[in-house]
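What follows is one structure encoded as structure tokens, with my remarks underneath.
Computed from a predicted structure; not experimentally measured. Worth knowing before you read on, the calculation uses all heavy atoms, side chains too, and leaves out hydrogens, waters and symmetry mates. Proteins get letters first, then strands, A, B, ... in listed order; numbering begins at 1 in each.
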2 protein chains.
Amino acid sequence: MDSSRRGHPNAKPVPKAVVGRVSLYLRQLESLQRQGLSKTSSDQLGEPFGIKNAQVRKDLACFGQFGRPGIGYDINDLIVVLRRILGVDKDWPLILVGLGNLGRALLRYRGFQSRRFHVVAIFDVDPKKVGQTYHGVTVEPLEALRKSVAAHKTSLALLCVPAESAQRVAEQMIAAGIRGILNFAPVPLATPPHVSVTAVDLSIQLENLAYKVQGSVDGVSWAG
Amino acid sequence: MDSSRRGHPNAKPVPKAVVGRVSLYLRQLESLQRQGLSKTSSDQLGEPFGIKNAQVRKDLACFGQFGRPGIGYDINDLIVVLRRILGVDKDWPLILVGLGNLGRALLRYRGFQSRRFHVVAIFDVDPKKVGQTYHGVTVEPLEALRKSVAAHKTSLALLCVPAESAQRVAEQMIAAGIRGILNFAPVPLATPPHVSVTAVDLSIQLENLAYKVQGSVDGVSWAG
DNA sequence: TAGATTGTTAATCGATTAACAATC
DNA sequence: TAGATTGTTAATCGATTAACAATC
């Protein structure tokens, strides 16, 4: 099934941007739940992110009807529903390839564990790292990728190798059965259509900030 | 000057998505330059990212006319122009607040240096970290933020503190004169309009991958 | 010249916002 | 009841793509 066509029965394709926002609504719902609240509104759900109430309702409508007119949404119920929609109502094993500075930082990153993402295997080309244990996981050589992915039924991977080897390692991941890659290497990956890639490119994000700040700080235009 | 209205003289506002793509074109240009090429086309510029030639030309048209019909673009010239547009033709001092795992990894991140972003000051609340030196920069207490930002004329900041203190620290940054924040804390920041924030939320990005993979791997729908 | 490729206009497409009857 | 808030339709807005005359 094509993920872009998922939704409630007979639904139109889900626009790309919707899923990202649904993640945000889930965050807000969990925050409201921690505050001890039980009901909320489309206004309150979008507010911290500057998203209008109509947008919130339209996004949720991609997946079904979850609110009651005049009342709003039940926080606990909607959390359960959205977790299932996003697929985070179950554990997701991850592999991490490339144990540099960033790889080690990701290994300790709290945000993953709290969302039921768990690094179950680590791979590196460096023979000095292979065999060592980090956070309870022993580093393996890249040759072990295929067997490990099959054994753990892993679908998702964190790619933290240098730019030069990223494409090659991605191909090995895909051959091993990986279907989604969070790519930290600053190069575009060529991948087949059944594999999803999200690029985390910090220098591009800083560049975008610099552009905005450049404009607002001193009024210098590119031609200036 | 409102950054959304920047561009060549008398130009329309630059659409948000354009700047991100221009960063990608610059990457590709630099890659082609390293390969020893001197000319390129709108087709070649967008190809690694799956961006169509018409889109590339339209994006560049926001800033001026840089190509020649029948010929294409001069790689060296266009690199100079795009760097100036993006503001990466000069050094950008950065401050880093919060020296946890992620903060330390960012400090060593190559991608920043290669784009002329330099961490010039580090701040942390932990008295044990204050006074220590990492990568040639001595950690200061948060109280020193204001003076440091003024001294270095810093506009950009990396926010790597825990979620609980992110908003408070962001406010201190803004009071000190910071205009752009790369936010690694998994909470939305409330900031005034003259301050730009880019959220780097890895668990949301993984969630989005999980959603896509969930659909393509086993056809399970949210209702299944 | 013929082929390639630009910049730009017009057409298409998709996403956001506003409005409102229906409901609690 | 009156006020609040939903789901949904229609209107608006913006972004992408196609097409093409102009140029080298």
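In this structure, CG of A:Asp74 is placed 15 Å from C1' of C:dC24, rounded to the nearest angstrom. Distance B:Ile51 CD1 to D:dT17 P: 10 Å, rounded to the nearest Å. As a whole-Å value, the separation of A:Gln65 CD from C:dC24 C1' is 15 Å. Summarising the geometry, the separation between CD on B:Glu47 and P on C:dT5 is reported as 14 Å, rounded to the nearest angstrom. C:dT23 atom P lies 19 Å from atom CZ of A:Phe66, rounded to whole Å. The nearest whole Å value for the distance from the CZ atom in B:Phe63 to the P atom in C:dT8 is 14 Å. The CG atom of A:Asp59 sits 10 Å away from the P atom of C:dA15 (whole-angstrom rounding). A straight line from NZ of B:Lys16 to C1' of D:dT16 spans 14 Å, rounded to a whole angstrom.
In the set C:dT8, C:dC24, D:dA15, the nucleotide with an atom closest to the side chain of A:Arg68 is C:dC24. When distances run from any side-chain atom of A:Lys52 to the nucleotides D:dA15, D:dC24, C:dA18, the shortest one goes to C:dA18. Between D:dA15, D:dT6, D:dG7, one nucleotide has an atom nearer to the side chain of B:Pro15 than all others, and that is D:dA15. Of the candidates D:dT6, C:dC24, C:dT6, the closest approach to any side-chain atom of A:Ser42 belongs to D:dT6. Between D:dA15, D:dG7, D:dA10, one nucleotide has an atom nearer to the side chain of A:Lys58 than all others, and that is D:dA10.
Residues B:Ile79 and B:Arg83 are in side-chain contact: their nearest non-hydrogen atoms beyond the backbone lie under 4.5 Å apart. Side-chain atoms of A:Val195 and A:Ile178, non-hydrogen and from C-beta on, never get closer than 4.5 Å to each other. Residues B:Leu45 and B:Leu29 are in side-chain contact: their nearest non-hydrogen atoms beyond the backbone lie under 4.5 Å apart.
Place B:Gly72 and A:Ile71 on DNA chain C by their nearest nucleotides, and B:Gly72 ends up nearer the 5' end. In terms of position along DNA chain C, the nucleotide closest to A:Ala17 lies nearer the 5' end than the nucleotide closest to the other residue of the pair A:Pro69 and A:Ala17.
A 3.5 Å limit on both hydrogen-bonding distances identifies D:dA19 as the Watson-Crick or G-U partner of C:dT8. With a cut-off of 3.5 Å on both pairing distances, the Watson-Crick or G-U wobble partner of C:dC24 is D:dG3.
Under 4.0 angstrom from either OP1 or OP2 of D:dA19 there lies no side-chain N or O belonging to B:Arg57. Between A:Tyr73 and C:dC24 there is no side-chain polar atom (N or O) within less than 4.0 angstrom of OP1 or OP2. In this model, the phosphate group of D:dT5 is not approached by any side-chain N or O of A:Gln44 to a distance below 4.0 Å at OP1 or OP2. Residue A:Gln55 has a polar side-chain atom (N or O) positioned under 4.0 Å from OP1 or OP2 of C:dT16. Applying the 4.0 Å criterion to OP1 and OP2 of D:dA15, one finds that B:Arg21 has every side-chain N and O outside that range.
Residue B:Leu159 comes nearest to B:Ala166 through the heavy atom pair CD2-O, 3.9 Å, listed as atom of the first residue, atom of the second, then distance.
Using the six-membered ring where Trp is involved, B:Phe117 and B:Trp92 have ring planes that are tilted, between 30° and 60° apart.
Looking only at atom types and distance, the side chain of A:Glu207 has no donor-acceptor partner in the side chain of A:Ser203 under 3.5 Å away.
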